[in-house]
Amino acid sequence: MKIKINSETADALPGETAASVRGRFKPEADIIIINGFPAKETDAVKNGDEIVLIKKGETPSGRELECMLSARHTPGVYEKLKKASAAVAGLGGLGSNAAVTMARMGVGRLKLVDFDIVEPSNLNRQYYDITQIGMKKTEALRRAIKNINPAVMVETADIKITEENAAEIFAGFGVILECFDESETKAMFAAEILKRLPEAFLIGASGVAGVFSHELFKTRRLGKNCVIVGDFTNEAAPGSGLMASRAAIAANIQANIAIRHILGERDE
Amino acid sequence: MNNIRVTVNGKPEECPEGTTVAAMAEKLGMAGKSAVAELDGAILSKNEFENHILKEGSKLELIRFVGGG
């Protein structure tokens, strides 16, 4: 009977339980996770089980860390995401949060594109902190992601995206997130990517401002290669700000659509 | 002038022959707004709306982008 212990293949003994596996492989572990779910000590171990043993407070390195980081993932998902890539255009309230979510889930390669630096009014919704004020957003987010999941390969481009350079910057990425702030840039980018990179799947956002109900969010398709998230109405304007809760919901809907696309899950 | 039947954002619409994507966008309250369209499988940026005319049976998707992110 073969099982995996912290990503290494091992033999299980007849009558093996969660507790006996811990005793043989990592007696100091406080947490036993079997196939993505915390196990009881008496749980029986079956052929093919993926078991992660974690000692609280211990920071392992390399492969063991990756294995522990993904211990609560749905089995099989991390391996698929690790081979995948995604690109994020604009690293504000949408892009910084969507990128961090994809990094936590284990998307293997992320390209982060923005021309701006972190400033104080970003901190109400974007994935930055006070120590990063003045830093390029690409660099600040690269560091944040490396501190969450060092296995993710992060590429950055510190550049303003225009009609002329959009297709070139994002060529080769199967999943691209449109996370800009300005409506004109959003529309320009969507049209450029969909025309010039017909193999790419584009996930955009429109209408994420304010503290309106989350139930106003919809997803709309534009052709077969594009989904846009938002309420399509509530824009950032005088009297209607951009708020962490709603921006992060939209960002994580974008990330979830990206993940589902990578995994081959289809909504139709 | 005869009317033609088209589908706009999944719903049946009638409009006069010769209606442009720009005119349909205006009818839907998107005049002067940032938008992208897909007309019968082809992506159109805003500056192309004026040059594309709806035909009988055309399928048009119009998405408005509002600011904020």
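Throughout, protein chains are lettered first and strands after them, A, B, ... in sequence-line order, and every chain is numbered starting at 1. Quick caveat: nothing in here was measured; it's all calculated off a predicted structure. Heavy atoms only: backbone and side chains are in, while hydrogens, waters and symmetry mates are out.
- Here the closest heavy-atom approach between residue A:Ala190 and residue B:Phe65 is recorded as CB-CZ, 3.9 Å.
- The neighbour count for A:Glu168 CD, taken as heavy atoms of other residues, nucleotides or ligands under 6.0 Å away, does not exceed 12.
- Once rounded to the nearest 0.5 Å, the distance linking NZ of B:Lys46 with CD of A:Glu184 reads 7.0 Å.
- At most 12 non-hydrogen atoms from other residues, nucleotides or ligands lie less than 6.0 angstrom from CD of A:Glu182.
- Sorted by first then second residue, the ring pair (Phe, Tyr, Trp, His ring centres under 6.0 Å) pairs that include residues 132-178 of chain A, not counting sequence neighbours, are A:Phe170-A:Phe189.
- Within the 4.5 angstrom heavy-atom criterion, only backbone atoms of A:Thr233 (N, CA, C, O) approach chain B.
- Proximity to chain B is absent for every atom of A:Ala247, based on heavy atoms less than 4.5 angstrom apart.
- For chain B, the nearby part of A:Asn234 is the backbone; its heavy atoms alone come within less than 4.5 Å.
- Heavy atoms of A:Glu192 lying under 4.5 Å from chain B are absent altogether.
- For chain B, no part of A:Arg246 is nearby; none of its heavy atoms comes within less than 4.5 Å.
- Across all non-hydrogen atoms, the minimal contact from A:Ser206 to B:Val66 is OG-N, 3.0 Å.
- Taking CG of B:Leu62 as the reference point, atom CZ of A:Arg220 lies at 8.0 Å (rounded to 0.5 Å).
- Within a 6.0 Å sphere centred on CD of B:Glu56, heavy atoms belonging to other residues, nucleotides or ligands number more than 12.
- Around NZ of A:Lys146, the count of heavy atoms belonging to other residues, nucleotides or ligands within 6.0 Å exceeds 12.
- Between chain B and the residues A:Met188, A:Gln126, A:Lys186, A:Lys224, the largest count of heavy-atom pairs under 4.5 Å involves A:Lys186.
- Only the backbone of B:Ala37 comes within contact range of chain A, with at least one heavy atom under 4.5 Å from a heavy atom of that chain.
- In this structure, A:Lys195 and B:Ser45 have side chains that are in contact, with non-hydrogen atoms separated by less than 4.5 Å.
- Counted within 6.0 Å of NZ on A:Lys218, heavy atoms from surrounding residues, nucleotides or ligands total more than 12; the atom is thus considered enclosed.
- In this structure, chain B has a heavy atom under 4.5 Å from the backbone of A:Phe180, while its side chain stays farther away.
- Between B:Arg64 and A:Glu235, some side-chain heavy-atom pair lies under the 4.5 Å cut-off.
- Counting heavy-atom pairs closer than 4.5 Å to chain B, the top-ranked of the candidates A:Leu94, A:Leu222, A:Asp181 is A:Asp181.
- Within a 6.0 Å radius of CZ in A:Arg260, other residues, nucleotides and ligands contribute more than 12 heavy atoms.
- Within residues 20-36 of chain B, the residues approaching chain A closer than 4.5 Å by heavy atoms are, in numerical order, B:Ser34, B:Ala35, B:Val36.
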